[in-house]
Protein chains: 2
Amino acid sequence: MIGQQRSYGRRVLLAAIRQNSPIARIDLSEQTGISRATVTTVTAELIRAGLVEEVAAQGTEMARGRPRVDLKIRGAAHLVAGIKIANSSLSLVLMDFEGNQLAEHSHLLSRTTLGTDALVAELATALGDMLAPLGKAISDLSGAGIGIAGIVDVQQGLVHWSPSLSDRNINLRSAIEAALGVPAFVDNDANLVAMAEKRFGLGREATDFIVVTIESGVGMGIVINNEIYRGTRGCGAEFGHTKVHLDGALCRCGQRGCLEAYVADYALLREASVTHSTDALAEGASDEQRIEALLQRAHDGDPVAGNIVLRAGRMFAMGLANIVNIFDPQLIVLAGERMQSNHLYAEEVIAGIKNSIVQVDQPPPEVVIHRWGDLMWAKGAAAYALEGVEEMAVEALRAGEG
Amino acid sequence: MIGQQRSYGRRVLLAAIRQNSPIARIDLSEQTGISRATVTTVTAELIRAGLVEEVAAQGTEMARGRPRVDLKIRGAAHLVAGIKIANSSLSLVLMDFEGNQLAEHSHLLSRTTLGTDALVAELATALGDMLAPLGKAISDLSGAGIGIAGIVDVQQGLVHWSPSLSDRNINLRSAIEAALGVPAFVDNDANLVAMAEKRFGLGREATDFIVVTIESGVGMGIVINNEIYRGTRGCGAEFGHTKVHLDGALCRCGQRGCLEAYVADYALLREASVTHSTDALAEGASDEQRIEALLQRAHDGDPVAGNIVLRAGRMFAMGLANIVNIFDPQLIVLAGERMQSNHLYAEEVIAGIKNSIVQVDQPPPEVVIHRWGDLMWAKGAAAYALEGVEEMAVEALRAGEG
DNA sequence: CTGATTTAATTTGATTTTCAAATTAAAACT
DNA sequence: AGTTTTAATTTGAAAATCAAATTAAATCAG
């Protein structure tokens, strides 16, 4: 409607079909406010293009009158991959256009930090390995979403800096598109979790919510008005580095008082080392094992361990309360897989949030814990790719018709 | 384009004309991506409706070819009032449709907290007093924007709670519309400052920015994607109650560690009372005088006073840094009139922010201090009314044409 | 089993919105 | 006075949409 007459209707209807999956035309008209006549015309076009298909109306048993015919996204229309570039591995997922997971794959990286070309090469290998058993090739993909830690300029596909890349200011999108011959969509990994929640998780119903992830650091994704909010320099949502104490504990980032410096593994271990330094566990044990031992000890009533863990939880609650006080979201999702974060997901922590937010008549936002597997990130990447591919498909439709 | 065919184009073009004030049709086409033909048609319509007018093209001296004809909003099209309900007074401003200030007025309230009817009555009186000298009546207004402290549901015009109202859960919009016979637009006062900055101030060029105000409390307005972000329960942006210290200083709100409990007047005085309790200034002096004395003393090198003020500044910087870490805005505007906030607006504070935000290659967001007069709030209210009236005008256009 | 009823979807014919290309307008150069 | 240049408008067509009428596919009632 703006600019060259572009098919805003197509876009809206396709999105509505996706979100309300099996939905009859009459309900689409109701929902979007677009007339039934137009819904018929446009959906016919979408069906003709293969993006949408009819399914036998089900559910409401035998109502009177002409039965409604449900529409849904046609999964076979496109194939996308989602790839998360993690510390020392890649995790991949394959999805159809409907969002059904068709395959998953995991790939160990030769090194933690790689050059661009090497990384892209490993990426291509991993993709091939995932696709081969299905008799598919990379060229069958309509798009690939890539999640990477660091500072990413989404518009340009530029990775300013990432722990996984030895180069700086690399246009990872171009590099991947050149190597794979497939449209690539690159984003910061925290945003991808938010996207995963938006499309597949607890954020499906919400328009404004926040996703917090705990891995080695603390990440955050912000969804405002159904869209990822990325900040203006691509470095927003640095929840882990919000300050919770003036001149507080030293953080990996070099600053003091960051939330991360109170809740991250290294923070807990740093504290534990003061009193438990002579522990058997301290020698030769991995960080993970030591954390586990600390948490166990806290659970068993060790006062010092308990104190360490308690403070972490209280700081975490304070940080989350600040988010609520600033954003007033509908929902906060604590997404993660690690049982090691149990202490941060405890009842007391959630309750602590409620005590630190501004009190109004209305109930506080829901805080929910969502335990995903490792694939969460990759699924988010796939969701991102689906978004991009959908956009391209609608665009193609417009061009094709003209 | 969605729903009944509504004139999205009209809306877009009117907004573009407003934002780029004197602008030729060809530039409008360029900017909005709408074809020149459509720009001609739509602007003709807007001119016919009296919302827009042509002005002799100026600026570019005598270029070759047919000279461009600039368009601008026609001020005379509508008249709006902006009203800020403050502690013990109303401040009002009168604006034309172009945003030119035509009059201002100030009105003392009989009491700090009033019943709805009494407040509305005083409001009508004040409005009348402002309009009378101009030979205008309230019925000449196309809308009135009202800013009030407290929890406001903008959608419904409901004031859940406000220090200025003795009643709770009042539909202030209905009450005012009934009394004045003019469309009313009610919002939280912090949001209005953001709107004032967006339309008349430093936020004109920015799409994502934050406005922080210091009065008796600390307020914040958030602009995301050119729109006020209000949170989902109407209680977001409570910057003053973000926690900056676990189990910290007691706040008026009853919680501990709120930023306000470190930077507000009462917080400074609380600290000062510990050591300066026997001061001449402490007896019989007003709070304002005592604050002034404290700041003066800090400035003169008194170590205790200096320490009190220093901490307030550092806490303030920390709070702002957290906003940057979360939002990554283009711009932070510190808006206020009070010289008493000088210590919070000091160089050191601004520098302190930069030391607490996540470091990236790109420069940190600008932090600017904008000293407005008392009218800032009322102007914001007027800006809000203008937004509403513009919306109504476009809507009327659509209905009228059909 | 047949026709009435009900509801969903489509078709019809018109209207609105928009655009590209051609045309006109208004100025400065030559 | 004619040429050039640029802005704005007009023209004719295409695209998008809608309200109302029609058709389709089912159940219900007798």
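Proteins come first, then strands; the chains are lettered A, B, ... in the order of their sequence lines, and each starts at number 1.
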Looking at dT9(D), I'd like to know if its phosphate oxygens (OP1 or OP2) sit under 4.0 Å from a side-chain N or O belonging to T40(B). yes
Between dT6(D) atom C1' and D70(B) atom CG, what is the distance in whole Å? 14 Å
So N100(B) and E98(B), side chain to side chain donor-acceptor pair (under 3.5 Å) or not? Walk me through it. CA-CA 6 Å; N100(B) 299 309; E98(B) 205 189 343; 3.1 Å; yes
Determine whether the aromatic ring centres of residues F327(B) and F327(A) are separated by less than 6.0 angstrom. yes
What are the atom names and distances for every N/O pair under 3.5 Å that joins the protein to nucleotides 6-8 of chain C?
| residue | atom | partner | partner atom | Å |
| --- | --- | --- | --- | --- |
| dT6(C) | O2 | G65(A) | N | 3.4 |
| dT7(C) | O2 | R66(A) | N | 2.7 |
| dA8(C) | OP1 | R68(A) | NE | 3.1 |
| dA8(C) | OP1 | R68(A) | NH2 | 2.1 |
| dA8(C) | O4' | R66(A) | O | 3.0 |
| dA8(C) | N3 | R66(A) | NH1 | 3.3 |

Side chains of T41(A) and T38(A): do they bring a donor and an acceptor to under 3.5 Å? no
Residue pair E30(B), R36(B): steps toward the salt bridge (Lys or Arg N to Asp or Glu O under 4.0 Å) verdict: CA-CA 8 Å; E30(B) 183 86 6; R36(B) 272 178 270 165; over 6 Å; no
Expressed as a whole number of angstroms, how long is the span from R11(A):CZ to dT17(D):P? 11 Å
What is the separation between atom CD on E45(A) and atom P on dT11(C), rounded to the nearest whole Å? 14 Å
Could E395(A) and R11(A) be called an ion pair, given the rule that one side-chain N must be under 4.0 Å from one carboxylate O? yes
Spacing of L28(A) atom CG relative to dT17(D) atom C1', expressed in whole Å: 16 Å
Considering only NZ, NE, NH1 and NH2 on the basic side and carboxylate oxygens on the acidic side, decide whether D27(A) and R68(A) come within less than 4.0 Å. yes
Nearest whole Å is fine: how far is dA9(C) P from L13(A) CG? 13 Å
I need the CG-C1' distance between L397(A) and dA15(D), as an integer number of Å. 14 Å
